[in-house]
Each structure stands twice: as C-alpha cells, then as structure tokens.
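What follows is a set of notes on a single structure, which appears directly below.
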Amino acid sequence: MNNPYIKLISTPNKVDVLQVTHPKFTAQISRFGGHLLSYATKQQDNYLWLSNTAVLDGSKAIRGGVPICWPWFGPAQGEFSGEPQHGYIRNVNWQLQTIEGDDTELTLELAPELSDELKEKLGLSARIRFHFKDDLTITLSTTNECEQPRPLSQAIHSYFYVRDINNTKLMGLENSQYIDKLTNTTETQHGAVQISGSVDRVYLSNAPKLMLDDESRKIIISGSGHDSVVVWNPWRELAANMADFDDNGYQTMICVEMANTQGLTLAPGKTYHLSQTIGG
Ligand code: TA6
C-alpha cells in the first residue's frame with residue numbers, strides 16, 4: 001500500500017486494520033466488515049464507542065464502531081429468511097479499492113469480498129467510501145447488477161461515544177413518528193431524545209441533520225438517502241446478556257444510524273447512495 005497516511009496492520013488471529021494517520025485526523029478501519037473502529041480529529045477525541053469485549057478475530061461482527069448492515073436491516077425476511085441479522089457484509093473481509101487525497105483530505109473506497117454464488121443470489125453489489133476532510137462522510141453505494149428490481153434495506157449502524165448517557169440529548173427528531181421495537185407501537189417524539197432505559201426505535205424521519213450533545217461536546221450527524229434514523233441503547237440487562245457488550249458500556253454509548261428500513265426497490269442498473277456524516 002503506497003500511501004503515506006495509511007498502514008495495514010496485520011496481527012495473527014486478529015482482523016486486519018487500516019491505520020490512518022493524517023495531519024487532520026486519525027482513524028482505524030477493519031478489513032473485516034469494512035468497519036470503522038475509531039475516528040478522531042485534531043480537535044475532537046474519538047467519536048465512536050467500541051466495546052471493551054468486542055470480538056476482533058473475525059469470527060463475529062464487531063460490537064461498536066460503524067458496522068454496515070446490508071442488504072437488509074434487522075432480521076432477514078422473505079427469500080432470505082434464516083440468513084444472518086443485518087445481512088452479510090459486516091461478516092466478510094473487504095478489499096481496499098482506491099485511496100486518493102493529500103494533506104487536506106483523504107478518500108478510501110472498499111468493496112466486500114462476496115462469493116460469486118452470493119453475488120448472483122443478491123443481484124446487488126456494494127461499495128463503501130470514507131471521505132475525510134473537516135468531517136467524515138461514510139457513503140454506502142448499492143448497484144443493482146441484475147435484470148430484475150431488487151429489494152434493499154440497510155443501515156450505517158454507528159455507535160457513538162458519549163460521556164454519560166444520562167446527560168445526553170439527541171436533537172433533530174422532535175415531532176417525528178417512531179416505531180418502538182420494544183413495544184411494537186408507533187409513537188411521537190416530544191422534545192429531544194433522552195435515554196434512561198432500553199431503547200430500540202426506528203424514527204420514520206429523513207431529517208438531514210441531528211445533533212448529539214453529551215454536555216462535553218456537540219456531535220453533528222448528517223445524512224442523506226435515508227428514510228429512517230435508528231436509535232438504540234440496550235441498557236443494563238440486555239448489555240449484560242451480550243458477551244461482546246461490556247457490562248457498563250451502555251452508559252457511554254448510543255447508536256444513531258442513518259437507515260433505509262421502509263422497503264426500497266432498486267431498479268436494474270441503478271445505484272443508490274446512503275450517507276452519514278460525522279463532525280462538529
Ligand atoms: O439497530 C438496532 C438493532 O437493530 C437492535 O434491534 C439491536 O438488536 C442492535 O441492532 C444490535 O444488533 P446485533 O445484531 O449487532 O446484535
């Protein structure tokens with residue numbers, strides 16, 4: 001890899017990591033999952049939460065950072081029922097395709113290594129682009145490579161680090177309707193989102209800009225191409241039941257995910273872009 005800012009770190013029995021050290025920021029991207037593990041700028045500490053007990057040997061999707069859910073979000077349904085939750089690509093290695101940039105910005109593109117059989121079955125291909133400038137834009141692009149329309153749902157499943165979830169507010173979803181996945185009801189958001197227990201919500205909102213305020217900093221989370229924003233914190237009991245979720249980790253994280261949950265159909269030959277920008 002011939003780029004002054006990027007080094008591939010290969011450790012036996014561990015996922016390969018692309019270590020990005022740039023004058024303006026640092027980041028780590030796991031080749032397994034095309035998964036961003038950390039991102040910090042000169043001004044801001046790491047934006048992302050990664051579980052202390054995350055499995056980093058490639059045997060399981062990584063808990064924390066930015067997993068990519070594709071070509072479905074949540075449990076597999078219909079023709080794919082029985083297949084893994086959140087799709088395939090957070091569990092496969094990705095190839096670095098291109099690197100471009102200089103000392104002001106940097107772009108990396110990766111594509112998942114899928115078997116020919118799986119590519120044929122899906123009829124879709126995916127690519128991810130990390131564009132670092134003054135902030136980071138993650139773009140997940142999907143192309144329908146076959147001759148039939150194909151269904152797609154997906155999420156950029158970002159786990160943000162917050163200083164204390166009890167003093168954290170998420171702004172920008174006021175008055176949105178959301179599906180509460182814990183009660184299976186549809187509710188309306190009043191005021192900022194504040195979390196004091198288990199939360200698993202799909203906000204039916206394509207709000208382009210949100211703000212996460214943990215009283216120590218304000219993170220701006222922007223998006224495009226989404227029909228929903230997913231907000232998740234498992235809280236104490238659920239976290240304790242997940243071996244790869246450290247017991248107290250729920251106190252310092254919140255997932256805020258730009259997603260398509262409402263059933264998108266991609267026409268033959270078309271490409272769809274879903275983006276999330278992290279900055280502020
Ligand atoms: O994005 C929220 C969610 O879909 C939740 O329902 C929750 O289970 C979470 O993702 C984590 O899923 P995972 O398959 O990574 O354990």
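From a predicted model like this one, the values you see are computed outputs, not experimental measurements. Indexing begins at 1, ligand by ligand and atom by atom, following the structure's order.
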Quick one: does any side-chain atom of Thr53 pair with a main-chain N or O of Asp244 as donor and acceptor, under 3.5 Å?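 Yes; judged by distance alone, with no hydrogens or angles, the pair exists.
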When you measure from the side chain of Ser51 to the backbone of Asp246, do you find a donor-acceptor pair of N or O atoms at a distance under 3.5 Å?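 Answer holds: yes.
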Shortest protein contact, [atom] (heavy atom only):
atom                    : value
atom 16 (O) of ligand 1 : Arg63 NH2, 3.0 Å
atom 15 (O) of ligand 1 : Arg90 NH1, 2.8 Å
atom 8 (O) of ligand 1  : Gln85 NE2, 3.8 Å
atom 1 (O) of ligand 1  : Glu257 OE2, 2.8 Å

With salt bridge (Lys or Arg N to Asp or Glu O under 4.0 Å) as the criterion, how do Asp134 and Lys24 come out once you've worked through the C-alpha distance, each side chain's angles and the decisive distance to 0.1 Å? CA-CA 8 Å; Asp134 297 320; Lys24 293 171 76 169; 2.9 Å; yes
With a 4.0 Å cut-off on heavy atoms, is Met242 touching ligand 1?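 No.
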Within ligand 1, which atoms have a heavy atom of Val230 less than 4.0 Å away?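 Within the 4.0 Å cut-off of Val230, ligand 1 contributes 1 (O), 2 (C).
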Using a strict cut-off of 4.0 Å, indicate which atoms of ligand 1 neighbour a heavy atom of Lys181.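 Counting atoms of ligand 1 from 1, those under 4.0 Å from Lys181 are 4 (O), 6 (O).
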Stepwise salt bridge (Lys or Arg N to Asp or Glu O under 4.0 Å) check, Glu79 with Arg150: CA-CA 12 Å; Glu79 64 181 302; Arg150 296 299 294 153; 3.3 Å; yes
From atom 5 (C) of ligand 1, work out which of Val202, Val199, Asp200, Leu182 has a heavy atom at the shortest distance.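 It is Asp200 that holds the nearest heavy atom.
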Which distance, rounded to the nearest 0.5 Å, do you find between the CG of Leu48 and the CG of Leu37?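 It comes to 8.5 Å.
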Apply salt bridge (Lys or Arg N to Asp or Glu O under 4.0 Å) to the pair Asp214 and Arg163, showing each step before the final yes or no. CA-CA 6 Å; Asp214 72 354; Arg163 193 172 61 172; 5.4 Å; no
Please confirm whether the ring centroid of Trp49 lies under 6.0 Å from the ring centroid of Tyr159.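 Ring-ring flag for Trp49/Tyr159: true, centres closer than 6.0 Å.
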If you measure every N or O of Trp232 against every N or O of ligand 1, does any of those distances drop under 3.5 Å?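 Looking only at distances, the answer is no, because the N/O contact criterion of under 3.5 Å is not met.
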